[in-house]
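Accompanying notes for the structure given below.
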Amino acid sequence: MTTAEIQQQFAPNFYGVVHVMHAALPVMRRQRSGHIINISSVAGVVGLKHCAAYAATKFAVEGLSLSVAAEVEKFGIKVTVVEPGFFRTGLLDAQNVRWVGRPIEDYAPEGTAKDMWSPYDGKQPGDPAKFGDALAKIAALPNPPKVFIAGGDALDVITPAIEERLREARAHETLSKSLAGSF
């Protein structure tokens, strides 16, 4: 992807979230309450092939949401970042998606993003109405989660990825802890 194409991904996926939070947070701080629910993705937790720019935007939403959650909690404001799997929406509909037009020859044997993702269009396992109901339930909770993994398919991908990160952190714990200086 070109830098411009990557910026086009960030404009709605990340900066859209930033703009809404800029508008909502002053009101929520004044009223000393509120709940922001930001939508990330499985791709915001797990790097997925043929999905780097989209994943980067969703990783950014994760970092923003969790950081702001820590900052605004003292004002009675809750923040939940939602990591949905595949829901049967128009996301992958041919009219709604633009695929990279200039593939790189080195990646040709792996296929294209279009080859990988377009077959899922109309076959996503998640029900958008049930997703909406789940978000309404989360919004009504007095102590909502900071992170909500939405969908069994999302749990199936995210859980082993988190477990692998923990395994790697533990495997290199001694090296990590050895980095303190004696100044």
Side-chain angles (χ1 to χ4, degrees), residues 8-48 50-98 116-163 165-166:
Q8 287 175 337
Q9 286 276 314
F10 269 88
N13 293 355
F14 177 70
Y15 287 108
V17 170
V18 169
H19 295 309
V20 171
M21 289 177 76
H22 274 155
L25 281 170
V27 174
M28 292 179 176
R29 279 193 307 271
R30 279 194 302 276
Q31 67 190 21
R32 292 299 199 242
S33 68
H35 187 182
I36 293 172
I37 299 176
N38 287 332
I39 305 300
S40 176
S41 170
V42 167
V45 185
V46 180
L48 300 172
H50 295 310
C51 198
Y54 178 79
T57 69
K58 295 304 186 172
F59 269 88
V61 168
E62 296 261 336
L64 175 72
S65 299
L66 295 174
S67 295
V68 170
E71 295 169 357
V72 300
E73 192 170 38
K74 64 186 172 196
F75 304 119
I77 301 168
K78 312 288 188 206
V79 178
T80 300
V81 61
V82 179
E83 302 163 344
F86 269 145
F87 283 83
R88 200 163 295 186
T89 66
L91 176 69
L92 295 173
D93 183 281
Q95 295 177 357
N96 297 332
V97 68
R98 279 195 322 203
M116 181 172 177
W117 296 109
S118 63
Y120 291 100
D121 182 38
K123 297 177 180 76
Q124 301 96 322
D127 180 339
K130 289 181 180 178
F131 182 46
D133 291 342
L135 293 179
K137 287 177 184 173
I138 287 169
L141 292 173
N143 293 307
K146 285 192 171 109
V147 176
F148 176 68
I149 301 172
D153 62 327
L155 278 168
D156 290 346
V157 174
I158 291 173
T159 301
I162 292 171
E163 289 170 349
R165 285 185 191 162
L166 286 171

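Throughout, residue positions are numbered sequentially from 1 according to the sequence presented.
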Problem set entry | Heavy-atom check, side chain of Val147 versus side chain of Leu66, under 4.5 Å | yes
Looking only at non-hydrogen atoms, find the nearest pair between [X] and [Y] and report the distance.
| X | Y | result |
| --- | --- | --- |
| Phe59 | Val46 | CZ-N, 4.0 Å |
| Ala69 | Lys146 | CB-CE, 4.3 Å |
| Val61 | Phe14 | N-CD1, 3.9 Å |
| Ala43 | Lys58 | C-CB, 4.3 Å |
| Ile138 | Pro144 | O-CB, 3.7 Å |
| Phe86 | Asp153 | N-OD2, 2.8 Å |

Let me confirm one number: the [atom1]-[atom2] distance from [X] to [Y], rounded to the nearest 0.5 Å.
| X | Y | atom1 | atom2 | value |
| --- | --- | --- | --- | --- |
| Ser40 | Ile149 | OG | CD1 | 10.5 Å |
| Gln8 | Asn13 | CD | CG | 11.5 Å |
| Lys130 | Lys137 | NZ | NZ | 10.0 Å |
| Leu25 | Ile36 | CG | CD1 | 4.0 Å |
| Leu141 | Phe148 | CG | CZ | 9.5 Å |

Problem set entry | Carboxylate-amine/guanidinium contact Arg29 Glu71, below 4.0 Å | no
Exercise. For the side chain of Thr57 and the backbone of Phe10, is there at least one donor-acceptor N/O pair under 3.5 Å apart?
Worked result: no
Problem set entry | Qualifying residue for side-chain contact (heavy atoms from CB on, under 4.5 Å) with Ile158, from Asp156, Ile162, Leu155 | Ile162
Exercise. Which class fits the ring pair Tyr15 and His19: parallel under 30°, tilted 30 to 60°, perpendicular over 60°?
Worked result: tilted
For this session: Could you give me the CA-CA distance, side-chain angles and deciding distance for Val18 and Met21, then say whether side-chain contact (heavy atoms from CB on, under 4.5 Å) is met?
Result: CA-CA 5 Å; Val18 169; Met21 289 177 76; 5.9 Å; no
